[in-house]
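Beneath this line is the structure, given in structure tokens, with notes to follow.
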Amino acid sequence: MAPDDAIAAAEHAMDLSGSDPARARALARGVLDSVPSTGPHREAAAVAHRALAVAARELGDLPLAEEHLHRAVSVAVSANLPHRAAQARLSLVHVRTELGHPEQALALAADAEPHLTPVEVAKLDVHRAVALGRLGRHREAAEHCDRAVDLLGEDARFLAGAMLNRGLARAFLGEFEAAETDLTRCAELARAAGLDHVLTLAEGNLPFLAARRGDLLTAFTAYRRAESSLFGYPERLATMRCDLAEALIAAHLPGEARVLLDLAVPELIAAGAEVALSEARLLRARVELRTGDPRRARESAALAAAGLAAQGRTTLTPLAVEILLRARLMLEPPSGELLAEMLACVDALAAAGHSNASAALRFTSAEVSLQLGDLAAADDQLGRLACRGRGVVTRQATALRRALAGDRRGAFAAVRSGLAEVGAAAKAFENPMVRAHAVREGEPLAELGLALALETGRGRTLLAWTERWRAVVGGTGQPVAPDLDELRAALGDRVLVEFVRHGDELVAVAVTPDRVVLRRLGPFTAVAEATVRLRYGLRRTHLLDGRASEPAGEAAELERLLFGPLRERRSRSAGRGDPLGDRPLVIVPTGTLHTLPWPLLPMNADRPVTVAASAATWLAGSRTRAVPNGRIVAVAGPELRYAEAEARMVGVCHPGTERVVARRAEVTEALDRAEIAHLATHGVFSPRSPLLSSIHLDDGPLMAYDLLRLRTPPRLVVLSACDAGMAHAPADGAPLGLAGTFLSLGSQCVVASLVPVRDEETLALMTVFHGLLAAGHPPAQALTMASAKTRTAGFVCFGYGGQPMATGREGSATQLDQDPT
């Protein structure tokens, strides 16, 4: 092969390397096999090695790509071809970056630039942007892409790359609309040019962008699509998973992020993608620490710190050191040596530009100083934080400093200001799961407020502070507590018992018509374990498991733990009597108590019970009024023996009931304009992602996420489905699940089960329940009476269940005029 022909063939391989790496590899290998390694053919060899390198990079073999590029540089230099050597270095910039040497990659770029044409410099800028992005210099990365776009002309491949890199940089900078525009343009260019892998990368970054914007439904949907399209590109898929994991951490979803990182790390190790691997290990260390696994966090952080240091990424290294120190603090007793290392890390974090992490670690250092008995050192650290102005850590430091000085009023004021800042930021999130996780930044502040309130020994003070936190979690934006007089008026003869957890201590506050009672109940752990045992026994009973233990014993034990101190002899001897009596009960649970079937407790056998997320939300529900002649809908889901019979029964009890086919679009539309909805379907609760909980319809699951699109949800929702009342509460005030979603959207009341239910027993229970409802009984009372008559347990009334419903039956309209209080 003549030298010119060989060069032309190698150039053609180079052109193909980005779009058809397998063909490019074969062509370039053919050039190398057909030309000598000396003389005028060396130029063709240099180009062929570069083509082989780019093809290897596209196929995920970074070490092989680096090897070919070094050979390309060596051959070009030996042949005195500076332009060809610079072209090889241009390609090496990206590879060295991904292998964990972004600083060296930038140096390579500087060496290559003087020997390149203007268009090639633009291509170099596209690669340079990747290195800058890995170093966290996203603004510079975007600027280099700006410069490249102006010079690249019609080069679709690099133009698409510039759009991709700039889109990512803008996503990190929070410029989401511009980022979406760039990624969309990248996809258009790639699709038109047949650059399938670039198109896949653009689409693969959509879940990252969606998660960064807080749109988790879109993020997970796009992730599932990208996962299939990136099949065959394991390193690309792993990188995409890491990007999404980082966004999920930012959205305060460490559990979901950990799953993705556990999948990504082995693939990055196999690909030799050192720079992405170090970042993935740093992210994994962070989520391992947040999910209570300090030993694994310590291992991951040590590996990340070593990798980042070797790569010269000094701005990220202090973040790994911080995790190492926090893991030690969870595993070891505090010491002066550890405190000194923490304070050194505080300075290193600040010097690297991580001011928020630095402040958070300084506050932890103050707490360690207190544990070591060095009040002066603690006050010094808190004082430095208190001067920062705004921010949760600043408010927390101010509150603690004032509390240590005996200024409880001042401490309360600082806590309230901090909670207001947290609430204002969280209010921007429409998704209740994102909001519930986002406010967790304020949990330490809320716990400080509760601790100070507990010190007062006053029930109304503790109630006010727990309600302020629940209001923030619930999305009101402000730490406001309901007016106690208005709450009492709405309660009437009812008693509200709000449970509060402080550390492992459980406390109850009971609001009665004439007093507010505070009782310390003991360890929360014992109650949580008993709750799990009770629900487990009930599930086995419902599933007709002959080995199931009798849940009655657990129910009696829970009643003793939860209500014994409220009903103790001391109350009666003081002449005030049992504050609970036989009054209807409103329960505001905490943590695991959201999953307790409260009507199963012996004292509640004949007592209407309603469970609410907070006293304020129950009060808001009491203000809701029925719509005269409101629409009633019934849905019968698939694969249930008595679902059709149940739906027909609803129609008999409530004349005018509309049957709705069990398809997602029809059901969603019906829910948006119904006053009362009854859904007899299979139900699934997803404890790790409660908004993925679902009911089964003919064309697939209707998830809690889908319900977020409702504008006017039904006032009363009956979920005649297994586990539909189950909830997970990342923070008190936001029980997440199917029932919680309806209530957060504005439903007044949801009746649902916390355990699996059998078809025939459910039909019997619901027949009595709807009969009583139609006769004018409020939902909570109707459910109590129906459960007692049919001996079917597990269903709970959530929200506000004290108002009769307009059912369409003759005479029921008069019930609309009743005062719900």
Side-chain angles (χ1 to χ4, degrees), residues 432-433 531-532 534-539 541-543 551 555 558 585-601 604 608-614 617-618 621 635 637 646 671 676-687 689-696 701-704 707 713-729 732-745 747-759 761-762 765-766 769 779-780 782-784 786-787 790 792-801:
M433 185 166 75
T531 299
V532 172
L534 172 62
R535 207 176 57 253
Y536 177 76
L538 193 58
R539 290 176 68 89
T541 300
H542 281 207
L543 294 172
L558 269 167
L585 200 55
V586 178
I587 299 288
V588 180
T590 179
T592 312
L593 295 181
H594 283 284
T595 65
L596 175 60
W598 296 90
L600 201 63
L601 304 188
N604 295 334
V609 177
T610 306
V611 177
S614 67
T617 56
W618 181 87
V635 178
E646 206 170 307
L671 289 173
I676 300 174
H678 180 104
L679 298 101
T681 67
H682 280 299
V684 175
F685 175 64
S686 177
S689 299
L691 292 187
L692 296 179
S693 302
S694 61
I695 55 174
H696 285 195
L702 179 69
M703 297 191 296
L707 301 175
R715 192 162 64 95
L716 170 64
V717 181
V718 181
L719 295 171
S720 184
C722 298
D723 297 328
M726 284 290 289
H728 171 65
D732 284 345
L736 302 176
L738 285 165
T741 301
F742 274 113
L743 292 169
S744 71
L745 293 171
S747 288
Q748 183 186 38
C749 180
V750 177
V751 172
S753 175
L754 289 167
V755 291
V757 290
R758 288 201 298 276
D759 292 2
E761 293 182 358
T762 303
L765 172 76
M766 288 300 164
F769 170 76
L783 181 62
T784 300
S787 298
T790 61
T792 299
F795 280 86
V796 176
C797 180
F798 298 97
Y800 179 82

Should L596 and L593 count as side-chain neighbours, where that means a heavy-atom distance under 4.5 Å?
yes
Contact summary for F685 and G737, nearest pair of heavy atoms
CE1-CA, 4.5 Å
A612 and W618: which non-hydrogen atoms are nearest, and at how many Å?
CB-CB, 3.8 Å
Heavy-atom side-chain contact between L558 and L601 under 4.5 Å
yes
Straight-line distance of S720 OG to M766 CE, nearest 0.5 Å
4.5 Å
Are any of the side-chain heavy atoms of V751 and F795 separated by less than 4.5 Å?
yes
Using side-chain hydrogen bond (donor to acceptor under 3.5 Å, both in side chains) as the criterion, list what pairs up with T590, not counting sequence neighbours.
D732
What residues form a side chain to side chain contact (heavy atoms under 4.5 Å, CB included) with S787, not counting sequence neighbours?
L765, L783
For A752, side chain to side chain contact (heavy atoms under 4.5 Å, CB included) partners two or more places apart:
L719, A724, V750, F798
Evaluate the side-chain proximity of V684 to S693: yes if any heavy-atom separation is below 4.5 Å, no if none is.
no
For P608, give me all partners under side chain to side chain contact (heavy atoms under 4.5 Å, CB included), at least two apart in sequence or on another chain.
P584, A780, Q781, T784
Just jot down the side-chain hydrogen bond (donor to acceptor under 3.5 Å, both in side chains) partners of T741, sequence neighbours excluded, or say none.
none
Report yes if some heavy atom in the side chain of L716 is under 4.5 Å from a heavy atom in the side chain of Q748; otherwise report no.
no
Using every non-hydrogen atom in the two residues, find where M703 and L692 come nearest and quote the distance to one decimal.
SD-CD2, 3.7 Å
E646 and H678: side-chain contact (heavy atoms from CB on, under 4.5 Å), yes or no, with the steps?
CA-CA 9 Å; E646 206 170 307; H678 180 104; 2.8 Å; yes
Could you grab the distance from atom CG of L736 to atom OG of S744, nearest 0.5 Å is fine?
8.0 Å
Taking all atoms of both residues into account, what is the closest heavy-atom pair of A613 and P735, and its distance?
CB-CD, 3.6 Å
L707 vs F742, test: side-chain contact (heavy atoms from CB on, under 4.5 Å). Steps then yes/no.
CA-CA 7 Å; L707 301 175; F742 274 113; 3.6 Å; yes
Counterpart residues, side-chain hydrogen bond (donor to acceptor under 3.5 Å, both in side chains), relative to S686 (two or more places apart)
none
Show the numbers, then the answer: is there a side-chain contact (heavy atoms from CB on, under 4.5 Å) between V757 and E761?
CA-CA 7 Å; V757 290; E761 293 182 358; over 6 Å; no
Smallest separation among heavy atoms of V796 and W598, with atom names:
CG2-N, 4.4 Å
Partners of S614 by side-chain hydrogen bond (donor to acceptor under 3.5 Å, both in side chains), sequence neighbours excluded?
T617
Return yes if some donor-acceptor pair links the side-chain N/O of D723 with the main-chain N/O of S753 below 3.5 Å, else return no.
no
Closest heavy-atom pair and its distance - P756, C722
CA-SG, 3.6 Å
When you compare the side chain of S747 with that of R715, does any pair of heavy atoms fall below 4.5 Å?
no
Determine the sole option in L600, T595, L538 for which the side chain to side chain contact (heavy atoms under 4.5 Å, CB included) test with V755 is passed.
L538
Does the side chain of H728 reach to within under 4.5 Å of the side chain of P687, using non-hydrogen atoms?
no
Contacts of A677 meeting side chain to side chain contact (heavy atoms under 4.5 Å, CB included) (sequence neighbours excluded), chain-then-number -> V633, L671, L679, P714
Looking at side-chain heavy atoms only, is the closest gap between H682 and I695 below 4.5 Å?
no
